[in-house]
Amino acid sequence: MNLRLEKQGAVARLVIDRPDARNAINMAMWEAFPGLIAEAEDDPAIRLLELRAADGAGAFSAGADIKEMLANKDNMGWREANQAEINRVQYELARVDLPTVAFIDGDCIGGGCGLALACDIRVATRRSRFGITPGKLGLVYPLHDVKLLTDLVGPGQAKRILFTGELLDAEEALRIGLVEILADSADALIEQILAASTFSARENKSFVRRVLDGQVADDSMTLGMFDAAFGREDFAEGSQAFLEKRKPNFK
């Protein structure tokens, strides 16, 4: 199984496991992503989704499977289907209701970098490298992924990354905002997220998405979401914990 979903308590992990191809993503894997994302999202016990490579894989992902793409370069039907699957995965991963964390250990290139961009937060080890390399193949990066990149690092850095195709080390990726945390695992961050309200994380994630998609002022829906939070169990628990000077126990 080159792509699988593992569940442990409140955490679901999407695991990329194709070490013989440096975790390059082929068509079958792109097709498998949406169902696994939906399975995590639909499980009421799951509060967070982590995207990572299998232990010992040697790379987070080398990107889309170039050998497969070359083998099908003259097949317009395959190219269209492949593009549609990649776009679907990126769109659904970026908008899944759960908080998402990408843990990156090793090379994170091309389409693999796109997967990391689609997650809410990126944690990388210091040996990781990042690159978006279509410019070295005479290809174009998907528009949705370019937006995700630009939202993170700004237009100038996005253009530098896309125009040059150069590999950035982890320190440089942290400096320009491509990753948020350098660490040997994402466990500490995940523990912090799970200690807070998942309801709050989901609602605030939807607000951030609205801002990134161009909304600049409240509307009746966002005002209603803000007001409704005061009537939920999470607020009751959070406010009671505050008064009792203890940590809240969110479910």
Residues 76-88, side-chain donor-acceptor partners within the protein, below 3.5 Å, at least two apart:
from, atom 1, to, atom 2, distance (Å)
Arg79, NH1, Lys73, O, 2.6
Asn87, ND2, Gln83, O, 3.4
Arg88, NE, Glu92, OE2, 3.0

### salt bridge (charged side-chain N to carboxylate O under 4.0 Å, His left out) partners for Asp218, two or more places apart
none
### Message
Donor-acceptor check, side chain of Tyr141 to backbone of Gly135, threshold 3.5 angstrom: yes or no?
### Response
no
### Query
Quick check: does any side chain N or O of Ser128 sit under 3.5 Å from a backbone N or O of Gly106, one acting as donor and the other as acceptor?
yes
### Task
Return yes if a side-chain donor-acceptor contact under 3.5 Å exists between Asp120 and Thr100, otherwise no.
yes
#### Entry: With sequence neighbours excluded, residues passing side chain to side chain donor-acceptor pair (under 3.5 Å) with Asp43
Lys7
### Summary
Smallest heavy-atom separation, Ala53 atom then Val15 atom, equals C-CG1, 4.1 Å
### Message
If the test is side-chain contact (heavy atoms from CB on, under 4.5 Å), which one of Asp17, Leu14, Ile25 qualifies with Leu3?
### Response
Leu14
### Message
Suppose we screen for side chain to side chain donor-acceptor pair (under 3.5 Å). Which residues come up paired with Arg210, at least two apart in sequence or across chains?
### Response
Gln215, Asp219
### Query
Do any N or O atoms from the side chain of Glu237 and from the backbone of Phe250 form a donor-acceptor pair under 3.5 angstrom?
no
### Within 45° cone and under 6.0 Å: Arg232 NZ/CZ vs Phe199 ring
yes
### Query
Can Glu172 and Arg160 be counted as an ion pair, charged N to O under 4.0 angstrom?
yes
### Query
Is a side-chain N or O of Ser197 found less than 3.5 angstrom from the main chain of Ser200, in a donor-acceptor match?
yes
### Query
Which is it for Ile190 and Leu194 under the side-chain contact (heavy atoms from CB on, under 4.5 Å) test, yes or no, and what are the steps along the way?
CA-CA 6 Å; Ile190 290 172; Leu194 294 179; 3.9 Å; yes
#### Entry: Atom of Arg18, atom of Asn2 and distance for their closest heavy-atom approach
CG-ND2, 3.7 Å
### Criterion side-chain contact (heavy atoms from CB on, under 4.5 Å) on Ile181 and Val123, from CA distance to verdict
CA-CA 5 Å; Ile181 298 171; Val123 179; 4.1 Å; yes
### Message
Would you say Ile176 ends up clustered with Val179 if hydrophobic residues are merged whenever their side chains have heavy atoms under 4.5 Å apart, either directly or through other cluster members?
### Response
yes
### Task
Applying salt bridge (charged side-chain N to carboxylate O under 4.0 Å, His left out), name anything that partners Asp107, two or more places apart in sequence or on another chain.
Arg22, Arg129
### Task
Would you check if the side chain of Asn23 reaches a backbone N or O of Phe60 as a donor-acceptor pair within less than 3.5 Å?
yes
### Task
Would you confirm whether Arg122, through its side chain, and Glu180, through its main-chain N or O, come within 3.5 Å as a donor-acceptor pair?
no
### Query
Would Arg95 count as a cation-pi partner of Tyr91, with NZ or CZ less than 6.0 Å from the six-membered ring centre and within 45° of the ring normal?
yes
### Query
With sequence neighbours left out, what residues match Glu233 under salt bridge (charged side-chain N to carboxylate O under 4.0 Å, His left out)?
none
#### Entry: Distance-only donor-acceptor check, side chains Glu68 and Asn26, under 3.5 Å
no
### Query
Among Glu50, Glu6, Glu39, which residue meets the salt bridge (Lys or Arg N to Asp or Glu O under 4.0 Å) test with Arg13?
Glu50
### Task
Take Leu48 and Thr198, measure what side-chain contact (heavy atoms from CB on, under 4.5 Å) needs, and give me the verdict at the end.
CA-CA 8 Å; Leu48 183 143; Thr198 302; over 6 Å; no
### Task
State whether the side chain of Lys205 and the backbone N or O of Val96 hold a donor-acceptor pair below 3.5 Å, judged by distance alone.
yes
